[in-house]
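The sequence lines fix the lettering, A, B, ..., with proteins before strands; numbering per chain opens at 1.
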There are 2 protein chains.
Amino acid sequence: MDHDELTPRQRQILDFIVERTRASGAPPTRVEIAAAFGFRSANAAEEHLRALVRKGAIEMAPGRSRGIRVVSVATPAGGTGVLPLIGQVAAGSPILAVENIESEVAIDAALFQPRADYLLRVRGDSMSGIGVLDGDFLAVHRSATAESGQIVVARIDDEVTVKRLQRDGERVRLCAENPAYAPIEIDLSRGELAIEGLAVGVVRRW
Amino acid sequence: MDHDELTPRQRQILDFIVERTRASGAPPTRVEIAAAFGFRSANAAEEHLRALVRKGAIEMAPGRSRGIRVVSVATPAGGTGVLPLIGQVAAGSPILAVENIESEVAIDAALFQPRADYLLRVRGDSMSGIGVLDGDFLAVHRSATAESGQIVVARIDDEVTVKRLQRDGERVRLCAENPAYAPIEIDLSRGELAIEGLAVGVVRRW
DNA sequence: TCCATGGCTGTATGTTCATACAGTATCGCG
DNA sequence: CGCGATACTGTATGAACATACAGCCATGGA
């Protein structure tokens, strides 16, 4: 984890290993490392590798060719996440109901904070002011509550909408981020508002 | 690409190579493949590998240990893709150089079309007109060429920038999507423009 | 029927690789 | 000053690997 204590030379070696692994599909050998750095002896590479193992930057499988593994630099907490993509939400159905799931998208849910539970296809340009366009996928974290100022996925009269929440005591407003749309005023005491989740990110494919 | 013509056995071998590469960090050797399938001869693995090369499923580097590379790009079951996230590009360095890679993000590269090769952190609001904001991650497909009208990642005077390309014969313009920024005019014959890639999507985390 | 292809066993050879041991030189630290 | 750590050169050895060649058996065309 904390291989900040690496010497500059050791960091170069580590970088080379990462780069070479990515480029060629397998980690380099001692001789390849030596060649890349101009060492006349493969042992120089060997000793650098030992230092990297000692400092926790890599692991080595004994006796195994190209048995170098870079520790932890790569994936932060491997999330082999697949998020459901919600297209249109049928009236009266829960958002995550099977019939609403258009497909599954391979994205790590932990990319977003708090973690995303699903992607919602945005329709219309009511949020264009904050760069959320028609057709974008909104990453949504399920939550029944929200704080003033947050972008929420809400359900009003059985319709799912994305708006910015503004709370002022008992009075709540759902504001579009587009001057062409008027805010929606809601009286909480009548309980017409159901918050479905918080917007935590956007994914757009061109 | 279309190795549907693989026999069931060959597909098993290919799957094993993919799995093993992911699990151990390097492709398996002939002996390891033979051991995994119970072959009593490493040559059985060798011949399977040759068949896979013939059918375009893998490539092999001659004389190189663990020199197997799986050609297929869209990882099979949904794709556990990981894209490098490029923060700031050091002047004079290739975009994908290790020192530019800030982290890795678990997103299926095949989510985008054409496939994304890396994510580039956007700085500034010059593309805010099309919903690309400061801090967004631009999904980029590597390409040295682009057509008029496309959003490109280009390098001018050793600086990486995102703009819309407009080509008019020998004259090329790089336009911001923000009226506050003036278009950049470039004479192609002087060769000052290097196109690094095409924008294929956006990822934003709030 | 012959022949190509897939799928193996068995043996062998030369290269690639990991790794140990013996040195040399520099540098910062107590 | 001496010691340990870094950063190498040089040599060596055995295990790991890629890969060629010689066969065997089955299946599915031509």
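- Going from atom CG of Asn43(B) over to atom C1' of dC21(D) covers 9 Å, rounded to whole Å.
- Of the two residues contacting DNA chain C, namely Arg50(A) and Glu32(A), the nearest-nucleotide position lying further toward the 5' end is that of Glu32(A).
- Protein atom CD of Gln10(A) is 10 Å distant from nucleotide atom P of dC8(D), rounded to whole Å.
- Set against dA20(D), dT9(C), dG10(D), the side chain of Ser41(B) has dT9(C) as its closest nucleotide.
- A straight line from CZ of Phe37(B) to P of dT9(C) spans 13 Å, rounded to a whole angstrom.
- The distance between atom CD of Glu47(A) and atom P of dA25(C), rounded to the nearest whole Å, is 16 Å.
- Residue Lys55(A) has no polar side-chain atom (N or O) positioned under 4.0 Å from OP1 or OP2 of dA5(D).
- The side chain of Thr7(B) sits closest to dG6(C) out of dC17(D), dG6(C), dC8(C).
- In this structure, Gln12(B) places its CD atom 16 Å from P of dG6(C), rounding to the nearest Å.
- Arg64(B) and Ser24(A) share a donor-acceptor pair across their side chains, judged by distance under 3.5 Å alone.
- Between Ala42(A) and Gly63(B), the residue anchored nearer the 5' end of DNA chain D, judged by the nucleotide with its closest heavy atom, is Ala42(A).
- Contact annotation for Arg30(A): base contact, defined as any heavy-atom pair under 4.0 Å involving a base atom.
- Phosphate proximity of dT6(D) to Arg54(A): present, with a side-chain N or O under 4.0 Å from OP1 or OP2.
- One finds a side-chain N or O of Ser65(B) lying less than 4.0 angstrom from the OP1 or OP2 phosphate oxygen of dC17(C).
- Distance Phe39(A) CZ to dT24(C) C1': 16 Å, rounded to the nearest Å.
- The separation between Glu46(B) atom CD and dG7(C) atom P is 15 Å, rounded to whole Å.
- In this model, the phosphate group of dC8(C) is approached by a side-chain N or O of Arg9(B) to a distance below 4.0 Å at OP1 or OP2.
- Between dT6(D) and His48(A), no contact under 4.0 Å exists linking OP1 or OP2 to a side-chain N or O.
- Atom CG of Leu6(B) is separated from atom P of dG7(C) by 10 Å (rounded to the nearest Å).
- A distance below 6.0 Å separates the ring centres of Phe39(B) and His48(B).
- Between dC17(D), dC17(C), dT19(D), one nucleotide has an atom nearer to the side chain of Thr29(A) than all others, and that is dC17(C).
- Of the two residues near DNA chain C, Arg40(B) and Arg64(B), the one whose nearest nucleotide lies more 5' is Arg40(B).
- Annotation: Arg9(A), atom CZ; neighbour count of heavy atoms from other residues, nucleotides and ligands within 6.0 Å is above 12.
- Under the 3.5 Å distance criterion, the side-chain polar atoms of Gln150(B) are matched with a main-chain donor or acceptor of Glu147(B).
- With no hydrogens or angles considered, a side-chain donor-acceptor pair links Ser65(A) and Arg66(B) at under 3.5 Å.
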